[in-house]
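Residues take their numbers from the sequence shown, with the count starting at 1. Both backbone and side-chain heavy atoms feed into the values below; hydrogens, waters and symmetry mates do not. Small disclaimer: the values here were computed from a predicted structure and weren't measured.
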Amino acid sequence: MLMAASSSSMQVITTKRRYNITLLPGDGIGPEVISVAKNVLNLAASVEGIEFKFNEKLTGGAALDATGVPLPEETLAAAKQSDAVLLGAIGGYKWDKNEKHLKPETGLLQLREGLEVFANLRPTSVLPQLVDASTLKKEVAEGVNLMVVRELTGGIYFGKPRGFGTNENGEEIGFNTEVYAAYEIDRIARIAFETARKRSGKLCSVDKANVLEASMFWRKRVIAIAEEYPDVELSHMYVDNAAMQLIRNPKQFDTIVTNNIFGDILSDEASMITGSIGMLPSASLGASGPGLFEPIHGSAPDIAGQDKANPLATILSAAMLLKYGLGEVKAAERIELAVLDTLNRGFRTGDIYSAGNKLVGCKEIGEEVLKSVDTKTPASV
């Protein structure tokens, strides 16, 4: 804040912080939840002295219909030139039978690769207001607060060789390759150790080192990087056991680091501890450049356009955008408090509804969050 003096008065000049945000609504419920999150971002920003310029672009099935490709060059260029990217959801039944290079999901993989966002942070926190929404017993779910750090641009989703062919018996086959270079493991391990250091100092590396060579190498590199973080307690767990332990005793975990495919599966499993995948945000970060922020749920085409979607995961992804993408911690916390305040006041979408609360749609719960964002001191949470 700058103070400009004159002979007659003192004038206060406030310099706003300005950011360019690329919005990718995508498909299904994506446009609905992005619309709500954009409003929340705008209001939180204005209260905290921030100004956004939004640039909305096509991706996924919407891009396929309009341009013939799932990630137009114009979209990727805009994303790269922005300060952060907020994505809704992609995909739907309409494009399920497309060839692989013409599937919406291919566009998402291309976007991650193009932005070089290799670290995916997926927090799972059971909010006290929603503990009864979990399918687990209250004593198991209550107090769960963990972070999955997923490697995002390597492994079996990107490994080569891959494709279709014929084996020695003349039978048709499909094949993929799980492959990791040392630098890919080292950089995600460092992100995970840094994340664990900021939390409770416990990191569990999940692999399948009893069977897979790629996992044996993963474990070897994680152990090597651990020498740089003597203050972090490192443990290892096979992925099948980790999947079981997440349901048996999720509170034993604080920070989990794992490869692309295991992280994809385990973080979705972890989301259901909270009661709904509609509550969980994610942040995808690289060494530099804009981050990609998105809810971990899909496009839910069966409820698209019906005002039934839960936008809270996208709103919380917007908070992660502020915190991890722009370093605007106060604005992020304002949004997080507003979500908690809205839940405290009893507003619920269908996926998290329980008796005694008020069932509302996507737009209305967004309006309630806006009311809380605009409150200087949100109600006690």
Atom CD of Glu74 with >12 non-hydrogen neighbours under 6.0 angstrom: no

Residues Glu333, Lys330: salt bridge by 4.0 Å N-O rule: no

Whether over 12 other heavy atoms sit under 6.0 Å from Glu105 CD: yes

Any side-chain heavy-atom pair of Thr274 and Leu280 under 4.5 Å: yes

Between Gln81 and Asn55: side-chain donor-acceptor atoms closer than 3.5 Å: no

Salt bridge (Lys or Arg N to Asp or Glu O under 4.0 Å) partner of Asp254, chosen from Arg199, Arg197, Lys202: Arg199

Asp83 side chain reached by Phe52 side chain, heavy atoms, under 4.5 Å: no

Cationic N near anionic O, under 4.0 Å, Lys94 to Asp27: no

Audit row: Arg112, Glu294, salt bridge (charged side-chain N to carboxylate O under 4.0 Å, His left out) steps and yes/no: CA-CA 12 Å; Arg112 291 169 177 171; Glu294 60 182 303; 3.6 Å; yes

Please list every donor-acceptor pair under 3.5 Å in which a side-chain atom of residues 157-166 meets a protein atom from a residue at least two apart or in another chain.
from	atom 1	to	atom 2	distance (Å)
Tyr157	OH	Asp264	OD2	2.7
Arg162	NH1	Tyr157	O	2.6

Side chain proximity check, Trp95 to Lys103, heavy atoms < 4.5 angstrom: no

Side-chain heavy-atom pair Met279, Leu343 within 4.5 angstrom cut-off: yes

Asn120-Ser284 side chain donor-acceptor pair, cut-off 3.5 Å: yes

Any side-chain donor near an acceptor of the partner, Ser372 and Arg345, under 3.5 Å: yes

Charged N-O contact under 4.0 Å between Lys308 and Asp351: no

